[in-house]
Amino acid sequence: MVADPFGALRSECLGLLSEAIARLWSGIKLDGIKVSLPSKLEFGDLTTNVCFTLARELGKSPQELASALASEINSLIPSRAELLSTAEAAGGYVNFWSDLARLAELSISSARCLGDRYGHLEVGPGEKRKIIVEHTSANPIHPMHVGHGRNAVLGDALARLLRARGHDVQTRFYVNDVGRQVAILAYGYDKLGRPRPRGKPDHFFGLIYAMTNCALEIRRLKEEVNRAIRAGSDERVRRLKAELDSWAFSAHELRRREPDLFDKLFSAVEGDEDPEASISEVVRAYEAREGWAVELVRGICEECLRGFRETLDRLGISIDKWDWESEVVWSNLVAKVLASLEASGFTKVRAGALEFLANAVAERFGLKGELGLSGEFEIPPLTLVRSDGTTLYEIRDVAYTLRKFKDADLVINVIGADQKLAQLHVKLALHALGEHEKARNLIHFAYNLVKIPGAKMSARRGRFITLDGLLEEAVSRAYDEVPEHSPGLSEEERTRIAEVVGVGAVKFTLLAQDPAKEITFTWDRVLNFEENSAPYVQYTHARACSILRKAGREPEQPDFSLLGHPLERELVLAIARFPEVVADAADSLRPDAIANFTIYLADRFNSFYASLPVIRAEPRGLSDARLALVDAVRIVLKNALGLLGIGAPERM
RNA sequence: GGGCCCGUAGCUCAGCCUGGAUAGAGCGGUGGCCUUCUAAGCCACAGGUCCCGGGUUCAAAUCCCGGCGGGCCCGCCA
């Protein structure tokens with residue numbers, strides 16, 4: 001039993017390869033000899049192209065060298081190899097073939113023996129790190145939408161992957177309760193007489209936020225139009241009126257949803273002498289921690305977070321710690337950071353505001369290269385403190401980042417790619433403070449946004465696809481489909497399976513793509529339960545379970561030497577490779593690599609399923625070997641989905 | 001104007017970091033396969049200037065330079 005069967009094969013190949021090279025050409029020194037996965041099945045289980053490099057050095061053809069190398073390796077195999085059966089020269093490459101029976105036996109028994117833990121290839125004791133993954137961190141003023149879903153699902157998968165790798169991981173949600181947006185909501189909610197939330201609280205407050213915002217915009221625009229008319233600026237009047245029209249349309253949409261609430265709010269805002277002043281007063285009082293403001297703002301945020309927790313629970317995502325931005329403000333940490341930053345000499349007062357000279361920091365410490373920026377690029381400065389003395393978001397974020405480093409030596413922030421500059425500023429601020437190591441251990445895990453064709457999502461207008469709505473739709477679709485495939489299930493089972501399948505479909509869609517690329521959201525795509533989807537993988541898992549169930553016996557006398565079909569070989573290799581795939585995905589922070597692997601394995605398994613019998617295979621040794629193989633596939637699919645936070649039902 | 005990201009089949013995407021043997025999936029299209037372990041499946045066919053142009057290399061979708069196209073960012077917003 002081993003944790004990494006393919007790794008065992010890999011290092012065997014590598015060892016024999018280096019030894020053979022040393023024996024044949026003793027003077028030659030090659031760095032970075034490696035064996036890699038061949039592009040095709042007929043090129044073996046592992047391959048090396050060193051002969052192309054050696055050819056130049058030795059003045060011989062790659063083909064010649066490959067033959068010499070292969071036969072040298074083959075002469076070493078009988079005495080030295082456990083898993084390797086033969087090396088073969090082909091077109092200048094040396095291709096390695098494993099002893100399939102032994103590799104199958106090792107991989108399958110390792111998977112079956114380790115069960116849930118198979119694939120969790122831990123780093124060495126010295127490499128274990130304390131990691132904080134901050135993710136989701138949706139503003140507590142509206143329900144989560146699809147974009148937040150992508151963030152949450154990525155952050156959660158990262159945490160799972162890093163834990164599987166043996167790291168000590170904590171997930172955090174940063175509650176942005178300070179600032180104008182929450183204050184707008186608080187203002188509106190207060191104007192309504194602070195009614196008790198109806199329905200899911202984040203949805204309720206999201207509507208109030210959008211309505212308040214809309215009322216404020218319309219009021220502001222009307223005033224500006226009048227001002228522009230007085231100034232006789234026709235062009236400006238036209239532009240403002242167009243904007244006003246678009247908000248009037250939003251108002252119409254919002255009113256339809258809750259007319260009473262809407263009318264009450266609008267007349268309150270109309271009647272308010274100076275709404276902006278009231279909102280600023282909320283901001284000020286909350287930052288100053290005045291009781292009335294704390295009660296109002298915290299009350300709202302707590303309610304919204306209750307809604308978030310419900311959504312996250314449904315997604316199977318748990319947050320270890322909720323950090324409040326206000327706590328950072330109320331502590332003296334912001335003031336301390338500010339003082340140190342000023343003392344660092346990398347700030348400057350301009351027009352009464354305090355600026356951070358990010359570019360100077362990068363130049364002083366020679367960071368542009370490692371940050372991937374050209375020397376000529378001038379990093380824009382950043383305002384830390386307004387001329388009225390109030391702080392801006394980034395300085396609080398610097399303070400919060402330092403706080404996170406008290407509990408971790410690596411901090412991963414799952415934040416949209418649109419905030420790259422802001423995250424760069426935070427990193428440079430840490431450098432300015434002399435915290436170079438922390439700065440280097442601060443990772444911005446940037447993902448791209450989720451686009452919706454046609455409509456533009458806007459929280460301020462209350463216009464977006466909520467995650468709750470999306471999940472509901474997917475689950476109900478799954479609910480409809482379950483009986484077509486598994487008739488006769490109890491209502492309870494049907495509901496449970498629909499939940500796992502529907503939620504899984506949504507999560508997989510958001511996870512399976514390169515985070516750097518934007519996702520164009522379409523219902524079609526999320527509700528496609530066919531190939532390249534979670535339901536497809538789950539279905540494959542259920543099929544494996546079904547075989548094992550129907551077999552009704554343990555594979556007691558497997559004869560792995562009878563596994564020889566290409567499909568069997570591909571399955572064995574995939575099972576063997578799984579731990580390495582997990583390790584690579586974790587180390588490179590690429591959950592999508594796991595998703596792609598599940599598709600590949602499911603794909604191979606379904607072909608196997610269609611062409612080779614398991615239970616009725618003859619002789620019994622073959623049937624048992626296939627049964628064990630099916631069990632190993634089941635385990636790997638389940639664990640792989642598990643790393644993505646997706647469930648694997650046993651029937652569906 | 002500057003910076004970052006993306007550009008691969010009609011559509012949605014893998015592969016690019018770490019160059020290698022005829023570039024892979026899915027959807028959609030066409031044609032087959034349920035009296036055999038779940039047809040959310042399988043098999044076959046059709047479909048490609050890997051955005052363009054240079055360069056490096058024995059070898060470039062992959063690395064470098066220059067373009068073009070799309071997105072995002074450059075607030076005393078978050």
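The sequence lines fix the lettering, A, B, ..., with proteins before strands; numbering per chain opens at 1. Quick caveat, the model's predicted, so the values are computed rather than measured.
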Got a sec, which residues hit side chain to side chain donor-acceptor pair (under 3.5 Å) with [X], two or more places apart in sequence or on another chain?
X        : value
A:Thr383 : none
A:Gln63  : none
A:Arg553 : A:Ser623, A:Asp624
A:Glu570 : A:Arg604

Any residue meeting side chain to side chain contact (heavy atoms under 4.5 Å, CB included) with A:Ala89, in chain and number order, not counting sequence neighbours
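Scan of A:Ala89 (side chain to side chain contact (heavy atoms under 4.5 Å, CB included), adjacent residues dropped) gives A:Ala66, A:Ser67, A:Ala70.
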More than 12 non-hydrogen atoms from neighbouring residues, nucleotides or ligands closer than 6.0 Å to CZ on A:Arg549, yes or no?
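Counting neighbours around CZ of A:Arg549, more than 12 heavy atoms of other residues, nucleotides or ligands fall under 6.0 Å, so yes.
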Expected output is a numbered-order residue list: members of residues 587-599 of chain A with a heavy atom under 4.0 Å from any atom of RNA chain B. What is it?
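Heavy-atom contacts with RNA chain B come from A:Arg590, A:Asn596.
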Near RNA chain B, under 4.0 Å by heavy atom, which residues of residues 499-514 of chain A?
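Going residue by residue through residues 499-514 of chain A, the ones with a heavy atom under 4.0 Å of RNA chain B turn out to be A:Val501, A:Gln513, A:Asp514.
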Exercise answer: donor-acceptor pairs, residues 587-594 of chain A side-chain atoms, under 3.5 Å, sequence neighbours excluded:
from	atom 1	to	atom 2	distance (Å)
A:Asp587	OD1	A:Arg165	NE	2.9
A:Asp587	OD2	A:Arg165	NE	3.4
A:Asp587	OD2	A:Arg165	NH2	2.9
A:Ser588	OG	A:Asp584	O	2.6
A:Arg590	NE	A:Asp592	OD1	2.8
A:Arg590	NE	A:Asp592	OD2	3.1
A:Arg590	NH2	A:Asp592	OD2	2.5

Every protein N/O lying under 3.5 Å from an N/O of nucleotides 43-46 of chain B:
from	atom 1	to	atom 2	distance (Å)
B:rC43	OP1	A:Ser607	OG	2.8

Return whichever of A:Thr520 or A:Gly352 has its heavy-atom-nearest nucleotide of RNA chain B closer to the 5' end.
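The residue whose closest nucleotide sits nearer the 5' end is A:Thr520.
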Side-chain N or O of A:Arg396 closer than 4.0 Å to phosphate OP1/OP2 of B:rA78:
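So the side-chain polar atoms of A:Arg396 do come within 4.0 Å of the phosphate oxygens OP1 or OP2 of B:rA78, strictly under.
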If you go through the side-chain atoms of A:Thr47, does one of them form a donor-acceptor pair with the base of B:rA21 closer than 3.5 Å?
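Counting by modelled atom types and ignoring angles, a donor-acceptor contact under 3.5 Å is found here.
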List the atom pairs, with distances to 0.1 Å, where a side-chain N or O of residues 35-45 of chain A and a protein N or O form a donor-acceptor pair under 3.5 Å, not counting sequence neighbours.
from	atom 1	to	atom 2	distance (Å)
A:Asp45	OD1	A:Arg569	NE	3.0
A:Asp45	OD1	A:Arg569	NH2	2.6
A:Asp45	OD2	A:Ser98	N	2.8
A:Asp45	OD2	A:Ser98	OG	2.6

Using a cut-off of 4.0 Å on non-hydrogen atoms, how would the nucleic acid contact of A:Leu612 be classed: base, sugar-phosphate, or nothing?
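Result for A:Leu612 = base.
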At under 4.0 Å between heavy atoms, what does A:Ala353 touch on the DNA or RNA strands: base, sugar-phosphate, or nothing?
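Answer is base: heavy atoms of A:Ala353 come under 4.0 Å of a base.
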Result block: side-chain N/O donor-acceptor pairs under 3.5 angstrom for residues 369-379 of chain A, not counting sequence neighbours:
from	atom 1	to	atom 2	distance (Å)
A:Glu370	OE1	A:Arg440	NE	3.3
A:Glu370	OE1	A:Arg440	NH2	2.9
A:Glu370	OE2	A:Arg440	NE	2.9
A:Ser374	OG	A:Glu376	N	3.4
A:Ser374	OG	A:Phe377	N	3.4

Would you confirm whether A:His425, through its side chain, and A:Pro380, through its main-chain N or O, come within 3.5 Å as a donor-acceptor pair?
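The answer is yes, because a donor-acceptor pair under 3.5 Å joins these two groups.
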Can A:Phe43 be called stacked on B:rA21 when the rule is centres closer than 5.5 Å and an angle between planes below 30°?
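Here A:Phe43 meets both the 5.5 Å and the 30° conditions.
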Going by atom type alone, with no hydrogens or angles, which donor-acceptor pairs under 3.5 Å involve a side-chain atom of residues 516-528 of chain A and a protein atom two or more places apart or on another chain?
from	atom 1	to	atom 2	distance (Å)
A:Thr522	OG1	A:Arg525	N	3.2
A:Arg525	NH1	A:Thr520	O	3.4
A:Asn528	OD1	A:Glu530	N	2.8

